[in-house]
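Notes follow the structure.
Just so you know, ligand 1 is whichever comes first in the structure, and atom 1 is the first atom listed for that ligand.
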Amino acid sequence: ASGEPKSSPDPGGAAEGGPEDAGNTKEDESLLRKLIHSKLISSKANLEVLQKDPNSPLYSVKTFEALNLKKELLEGVYKMGFTAPSKIQETALPTLLADPPVNMIAQSQSGTGKTAAFVLTMLSRVDISKNYPQCLCLAPTYELALQIGQNVEQMGQKMTGLRIGYAVRGERVSRGQRKDDHIIIGTPGTVCDWAIKHKCFDPKLLTVFVLDEADVMIATQGHQDQSIRLQRMLNKQSCQMLLFSATYDDQVMIFAQAVIPRSPIVIKLRREEESLDNIKQFYIECTDVEAKFQALSNIYGTISIGQSMIFCATRKTAAWLAEMMTKDGHVVGLLTGELTIEQRAAIINRFKEGKEKVLITTNVTARGIDVEQVTVVVNFDPPLTQDFQPDYETYLHRIGRTGRFGKSGLAINMVDGRRSLSTLKSIEKHFGRKIMKLDADDMDEIE
Ligand code: ADP
């Protein structure tokens, strides 16, 4: 085997973890989530209203019919396969579509239906008979802008004559060239160029302004300033201003309040708590990485495992393990950080479709990915933060289950050496849940 690690990829050998971290930006993570979320994430959590408008009481709807949408738009919604509004849409949509328009800040995790909500709002407010931009949507990257555009095209498929313009890098315009697209979707920099430098459209005529992925947006220098610059050019009386974010910490909140002034409605859908209840956690002590593989091989040979994910500290270990498992007769997928986002999404989607039963990945690459049908999670190396401390959050997210997954699960931690053992002991202590020791030659306890 090539590149066989002779010793365990100890945190001491940090160099290998580094490049992967660098390649995993917030934008990448966000796009990856979009590419693998083919369906809605349902939530049992209650929607919280952090700030209300005393003049317009909030109400919610249970059907799309109740929204009195244009006929073509309702058809578009059904064409997308939506039968009922999602949790956040139930409350957001009546307010988003109300007249006079109300400004809104909304936060909920990725996959809960935010994009669909603001796309519906733009489409229901646009007037196709007017040949100038009326809705503007800002996104952090080219790829994310295209994702939104696809939603607009799908949902607006029955709206004949609808035109969408993409203000993204590479889309050249000449000074004074007037855009006749109804909806413009773009990144802040290019949109600024279009609006200010080239004067391709008049921001004063916009009726809907959307800022998507605010938390990703603020991570990029310049996006905040450009967004605020654009927002200042809008007509405050006639333009509805909306901001969406997957997370809502102080930094996002300050930015949100700056771009969406005039007492917006602020709603929030809490992420369901993950817990380690119903999860059997084990650890196996080994002498080195070869022994870890042997023990793992033994487990896979002993118990019947549906779909499993195996997490490694470095690409090298992941690639080596994939090779060893393949030789052992397993059909494995390998997901590592040097792949493009599209390649990663393709591998995850194959795994989701059950084409592979085992997915091997590095700690960093798989951050934040949910694969619901996984019942066994193997930490071939314990999860560590960038400064090599036990990464409790990642451990919980990987192994923990929420109400939506329900099922019970199995977590197996491979340990070699004092360092990984002490990491594991910290994790055990942190969660106050016993991680049982398993004898590599006797798997009876697992079953
Ligand atoms: P977010 O913007 O919060 O990440 P999206 O609007 O992209 O979420 O929705 C996530 C997935 O759920 C998409 O595949 C989308 O087509 C789908 N979806 C959105 N709203 C609904 C709905 N009401 N019913 C069914 N599927 C929906």
Side-chain angles (χ1 to χ4, degrees), residues 26-45 47-48 60-67 69 73-97 104-124 135 137-141 143-158 183 185 208 210-217 242-248 252 256 266-272 341 345 348-349 352-353 367-372 402 404:
K26 278 193 128 178
E27 283 99 346
D28 286 348
E29 283 178 24
S30 209
L31 180 63
L32 186 56
R33 285 202 192 99
K34 291 256 177 264
L35 295 176
I36 63 175
H37 274 153
S38 44
K39 55 183 206 302
L40 190 69
I41 290 183
S42 60
S43 168
K44 291 203 189 74
L47 193 99
E48 294 171 61
S60 70
V61 289
K62 293 287 178 199
T63 66
F64 285 111
E65 286 84 357
L67 294 166
L69 298 168
L73 191 49
L74 190 61
E75 278 177 41
V77 169
Y78 288 144
K79 280 264 177 203
M80 289 185 82
F82 298 1
T83 48
S86 70
K87 191 89 171 201
I88 186 130
Q89 291 164 0
E90 285 179 358
T91 306
L93 283 173
T95 302
L96 287 169
L97 302 175
M104 182 185 281
I105 294 171
Q107 179 259 318
S108 64
Q109 78 186 82
S110 171
T112 48
K114 298 185 296 299
T115 306
F118 70 71
V119 166
L120 194 63
T121 308
M122 294 198 292
L123 287 172
S124 81
C135 305
C137 176
L138 298 182
T141 66
E143 290 78 10
L144 289 165
L146 295 189
Q147 285 292 316
I148 296 168
Q150 280 178 10
N151 273 274
V152 177
E153 279 166 33
Q154 273 191 304
M155 207 178 269
Q157 59 183 280
K158 295 286 169 184
I183 297 177
I185 307 167
V208 184
V210 180
L211 196 145
D212 191 23
E213 310 239 16
D215 52 349
V216 181
M217 203 76 107
L242 312 170
L243 178 140
F244 295 85
S245 187
T247 58
Y248 200 53
V252 181
V266 184
I267 60 173
K268 175 177 168 142
L269 188 63
R270 220 175 266 287
R271 202 189 169 101
E272 277 185 78
I341 299 302
I348 295 165
N349 285 332
K352 284 185 152 198
E353 287 160 19
R367 191 168 290 162
I369 297 173
D370 299 312
V371 183
E372 296 185 33
T402 64
R404 76 196 136 96

Sub-3.5 Å N/O-N/O distance, [X] and ligand 1:
X      : answer
Gly113 : yes
Leu40  : yes
Lys114 : yes
Thr112 : yes
Asn151 : no

Distance from Leu73 atom CG to Lys79 atom NZ, nearest 0.5 Å?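 Between atom CG of Leu73 and atom NZ of Lys79 there are 14.0 Å.
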Per-atom contacts, ligand 1 versus [X] - under 4.0 Å to a heavy atom:
X      : result
Ala116 : 6 (O), 19 (C), 20 (N)
Ser110 : 4 (O)
Lys34  : 1 (P), 2 (O), 4 (O)
Ser86  : 23 (N)
Ala84  : 22 (C), 23 (N), 24 (N)

How are the rings of Tyr78 and Phe64 set to each other: parallel, tilted or perpendicular (split at 30° and 60°)?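 Geometry flag for Phe64 against Tyr78: perpendicular rings.
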Quick one, [X] and [Y] - any side-chain contact, counting heavy atoms below 4.5 Å?
X      : Y      : value
Ile348 : Leu32  : yes
Met155 : Val77  : yes
Ile341 : Glu143 : no
Cys137 : Ile183 : no
Leu40  : Phe82  : no
Lys87  : Thr112 : no

Taking atom types as modelled, find out whether Asp215 and Thr247 have a side-chain donor-acceptor pair closer than 3.5 angstrom.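 Yes - a donor-acceptor pair under 3.5 Å links their side chains.
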Between the side chains of Glu27 and Thr141, is a donor N or O closer than 3.5 angstrom to an acceptor N or O? no
Judged by non-hydrogen atoms, does Gln147 sit under 4.0 Å from ligand 1?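 No heavy atom of Gln147 comes that close to ligand 1.
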Non-hydrogen atom of Gly81 closer than 4.0 Å to ligand 1: no
Could you see which bit of Ala117 sits under 4.0 Å from ligand 1, with heavy atoms only: side chain, backbone, both or neither?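 Contact part for Ala117 vs ligand 1: neither.
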Using a 4.0 Å heavy-atom threshold (strictly under), name the region of Gln89 that reaches ligand 1: side chain, backbone, both or neither.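 Just the side chain.
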Just going by heavy-atom distances, which of Phe118, Phe82, Phe64, Phe244 is nearest to atom 19 (C) of ligand 1? Phe82
